[in-house]
J.: 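First, the structure itself, so that you have it in front of you.
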Amino acid sequence: ANLRAEAGLSEVPQAALVHGHRFLDKALLARLAADEGDRGPFIGPRGVFMWGHFLEGCEVLAPPRRKSLQLERGWMRSLFAPPRWQTLEDREATLNTRNETVPAQSFAVQRAPDGA
């Protein structure tokens, strides 16, 4: 299924794990965090969402240079907030891109057991 398409989230079964890395579609992430699909929540109770992506400031060292392709510090935490989500990891890490080490975010949350 094309998760970026408007109907994409309703085309796949409820997920226990969603993982993304080096890919940023803020509208899609907002839809996943809101967890409101046509057929109910996309990520099931106790389901885990994990994401790693470049943080603002990486453009000094290497691409991606456009701010629209970088995460702002704290943005994921504000999107995936309690009581619906429990933070498992939210830390600054690094990614290697074009032989340069750049700042990145390592982020993981778990959906509340009751689905909140």
Side-chain angles (χ1 to χ4, degrees):
N2 179 0
L3 297 184
R4 295 175 80 183
E6 194 61 35
L9 293 180
S10 63
E11 295 176 3
V12 293
Q14 195 172 62
L17 173 67
V18 173
H19 175 256
H21 189 71
R22 293 182 180 229
F23 172 77
L24 186 61
D25 182 330
K26 288 185 175 182
L28 172 62
L29 294 176
R31 288 176 58 212
L32 289 170
D35 215 17
E36 299 165 355
D38 296 338
R39 297 183 320 187
F42 179 71
I43 300 172
R46 299 183 193 267
V48 175
F49 172 88
M50 299 167 46
W51 213 264
H53 192 72
F54 303 102
L55 275 173
E56 59 190 354
C58 71
E59 73 280 0
V60 174
L61 304 169
R65 301 206 190 280
R66 289 186 296 166
K67 293 281 187 192
S68 63
L69 298 176
Q70 303 167 23
L71 281 173
E72 299 87 22
R73 284 169 175 81
W75 186 77
M76 295 286 275
R77 184 180 334 109
S78 67
L79 204 61
F80 289 87
R84 182 174 287 157
W85 302 100
Q86 176 190 0
T87 301
L88 302 175
E89 178 171 283
D90 182 10
R91 67 180 176 89
E92 191 164 321
T94 58
L95 286 173
N96 290 318
T97 184
R98 298 188 184 178
N99 295 320
E100 296 288 341
T101 300
V102 298
Q105 182 174 23
S106 178
F107 184 80
V109 290
Q110 184 174 38
R111 187 173 165 147
D114 61 4

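All values below come from the heavy atoms of this structure, side chains included, with hydrogens, waters and symmetry mates left out.
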J.: Looking only at heavy atoms, which two atoms of Phe80 and Leu29 are closest? And how far apart?
T.: CZ-O, 3.8 Å

J.: Evaluate side-chain contact (heavy atoms from CB on, under 4.5 Å) for Glu92 paired with Gln105, printing each intermediate quantity in order.
T.: CA-CA 5 Å; Glu92 191 164 321; Gln105 182 174 23; over 6 Å; no

J.: At their closest point, which heavy atom of Leu55 faces which heavy atom of Ala104, and how far apart are they?
T.: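 Heavy-atom minimum between the residues: CD1-O, 3.3 Å.
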
J.: Salt-bridged, Glu72 to Lys26, with N to O below 4.0 Å?
T.: yes

J.: Tell me the closest heavy-atom pair linking Val48 and Ile43, and the distance in Å.
T.: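 So the minimum-distance heavy-atom pair works out to N-CG2, 4.2 Å.
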
J.: In terms of hydrophobic clusters joined by side-chain contacts under 4.5 Å, are Phe107 and Leu24 together?
T.: yes

J.: Closest approach of Leu95 and His53, non-hydrogen atoms and distance?
T.: CD1-C, 4.1 Å

J.: Taking all atoms of both residues into account, what is the closest heavy-atom pair of Arg73 and Pro103, and its distance?
T.: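 Closest pair (atom of Arg73, atom of Pro103, distance): NH2-CB, 4.1 Å.
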
J.: Which of parallel (below 30°), tilted (30 to 60°) and perpendicular (above 60°) describes Trp51 and Phe23?
T.: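 Judged by the thresholds at 30° and 60°, the geometry between Trp51 and Phe23 is tilted.
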
J.: Is the closest side-chain heavy-atom distance between Phe54 and Leu71 below 4.5 Å?
T.: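 Sidechains of Leu71 and Phe54: no contact.
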
J.: Distance-only, no hydrogens or angles: does the Gln110 side chain make a donor-acceptor pair with backbone N or O of Gln86 under 3.5 Å?
T.: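 Not a single qualifying donor-acceptor pair exists.
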
J.: Counting N and O atoms only, with roles assigned by atom type, does the side chain of Asn96 sit under 3.5 Å from a partner on the main chain of Asn99, one being a donor and the other an acceptor?
T.: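 Pair absent, no side-chain N/O of Asn96 close to backbone of Asn99.
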
J.: Show your reasoning for whether side-chain contact (heavy atoms from CB on, under 4.5 Å) applies to Val18 and Phe42.
T.: CA-CA 10 Å; Val18 173; Phe42 179 71; 3.7 Å; yes

J.: How long is the gap from CZ on Arg31 to CG on Leu79, to the nearest 0.5 Å?
T.: 12.5 Å

J.: When rounded to the nearest 0.5 angstrom, what distance separates OG1 in Thr87 from CE in Met76?
T.: 10.5 Å

J.: Looking at every heavy atom in both Ser106 and Ala93, which two are closest together, and how far apart are they?
T.: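 In terms of heavy atoms, the two residues are closest at CB-CB, 4.2 Å.
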
J.: Are Met50 and Leu88 connected into the same hydrophobic cluster when the rule is that any two of I, L, V, M, F, W, Y join if their side-chain heavy atoms are below 4.5 Å apart?
T.: yes

